[in-house]
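A quick write-up on the structure given underneath.
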Amino acid sequence: MIKKAVIPAAGLGTRFLPATKAQPKEMLPIIDTPTIQYVVQEAVDSGIEDILIITGKGKRAIEDHFDRNFELEERLQEKEEAMYWEMRKLSEMANIYFIRQKEIIGLGDAIYYARQHTGNEPFAVLLGDTIMDSVIPVTQQLSDIYAQYHSSVIAVETVPADKVNRYGIVGGKSISDSILQLDQLIEKPSIESAPSNLAIAGRYILTPEIFKAIEETPKGKNNELQLTDAMLNLLKTENIYSHTIEGKRYDIGNKLDFLKTTVEFALRRKEFADPFYQFLQEIVASHQANSDKN
Ligand code: G1P
């Protein structure tokens with residue numbers, strides 16, 4: 001059973017400027033809940049008890065979010081009992097620890113900060129700007145596969161050919177409907193050099209041997225120490241598997257995805273579903289009428 005998780009959340013969020021100039025992209029809310037809270041919830045729902053969040057400069061709001069706020073609690077206790085308990089639950093979701101990445105020099109370097117925390121245990125990695133929506137939490141899906149193979153497992157999803165250059169791409173031999181035994185991992189390849197269109201989707205289970213592999217990995221794409229390259233190194237000594245996720249991935253660091261996620265999640269919320277749906281219909285109708293005129 002995987003009990004520890006690492007959530008890298010140190011990135012600068014340049015794709016979401018100006019919103020991320022003075023606040024972490026992981027705190028961008030989908031309706032009323034910061035992205036990273038969905039990520040922590042997925043970890044907790046997957047049986048994780050202990051979470052290390054890799055932060056950096058300008059990420060203090062993440063620490064405050066999972067901490068207690070006594071002044072607020074006191075106020076809520078008098079007037080809003082339900083929200084008071086929600087805030088108490090939020091600060092007790094898991095054992096959450098923080099460490100700061102000193103320099104933003106790649107995902108591989110960020111993960112390397114976890115080596116003392118995770119010790120000799122396999123651990124999950126959940127990217128802090130990616131929400132997964134699935135019946136069985138994606139980290140749980142990976143954890144189940146780890147229990148079977150005792151090797152690192154990476155979540156992947158199929159992407160269109162013209163988008164393979166935005167992701168880490170894997171290749172390998174199929175051993176079941178959803179699982180490949182990997183022989184290739186390339187960070188952001190061109191279409192011509194991509195071994196498949198299976199993209200690394202931001203969830204991993206890694207064995208502790210990854211740390212030695214990271215030490216032996218030089219900087220790669222964009223002059224950053226890439227986790228994908230370190231996993232390719234790890235492949236020399238261990239098997240690695242990929243699992244095509246059952247579920248949907250939302251990349252919150254991307255503005256269009258962020259908008260789509262907000263709309264989808266709002267339509268699922270009881271208190272918004274009907275009025276928001278009606279609003280969307282009106283907006284679409286008036287947008288259509290306008291474009292018919294032009
Ligand atoms: C990172 C990983 C990449 C993965 C992607 C998923 O890239 O390096 O392999 O496919 O996350 O979101 P980034 O988006 O940080 O450039």
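Order of appearance sets the numbers: ligands from 1, and atoms from 1 within every ligand.
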Inset, instruction - Please round to the nearest 0.5 Å and tell me the distance separating atom CD of Glu216 and atom CG of Leu234. - result: 10.0 Å
Inset, instruction - Look only at interatomic distance and state if Thr130 has a nitrogen or oxygen under 3.5 Å from any nitrogen or oxygen of ligand 1. - result: no
Inset, instruction - May I ask you to identify, for Leu127, whether its side chain, its backbone, both or neither come under 4.0 Å of ligand 1 on a heavy-atom basis? - result: side chain
Legend entry - Residue list, salt bridge (charged side-chain N to carboxylate O under 4.0 Å, His left out) with Arg100, at least two apart or on another chain: none
Legend entry - Protein residue, atom and distance nearest to atom 2 (C) of ligand 1, heavy-atom basis: Glu187 OE2, 3.6 Å
Inset, instruction - Could you tell me whether the side chain of Glu215 reaches within less than 4.5 Å of the side chain of Tyr112, counting heavy atoms only? - result: yes
Legend entry - Between Gln41 and Asp45, a side-chain donor and acceptor under 3.5 Å: yes
Legend entry - Polar atom proximity, Lys188 to ligand 1 (N or O, under 3.5 Å): yes
Inset, instruction - Nearest 0.5 Å please: distance from the CG atom of Leu232 over to the CG atom of Leu185. - result: 5.5 Å
Inset, instruction - Give a yes or no on whether atom 8 (O) of ligand 1 lies under 4.0 Å from any heavy atom of the protein. - result: yes
Inset, instruction - Provide, to 0.1 Å, the distance between atom 12 (O) of ligand 1 and the closest protein heavy atom, together with that atom's residue and name. - result: Arg249 NH1, 3.8 Å
Inset, instruction - If a pair satisfies side chain to side chain donor-acceptor pair (under 3.5 Å) and one of its residues is in residues 18-33, list it, with sequence neighbours excluded. - result: Lys25-Asp129, Glu26-Lys59, Asp32-Arg269
Inset, instruction - Ignoring hydrogens, tell whether any protein atom lies closer than 4.0 Å to atom 15 (O) of ligand 1; use the non-hydrogen atoms only. - result: no
Inset, instruction - For Thr228 and ligand 1, answer yes if some heavy atom of the residue is under 4.0 Å from a ligand atom, otherwise no. - result: yes
Legend entry - Nearest-contact summary for atom 4 (C) of ligand 1 - protein heavy atom, Å: Ile200 O, 3.4 Å
Inset, instruction - Quick one: sort the Phe276 and Phe279 rings into parallel, tilted or perpendicular, breaks at 30° and 60°. - result: parallel
Legend entry - N or O pair under 3.5 Å between Gly168 and ligand 1: yes
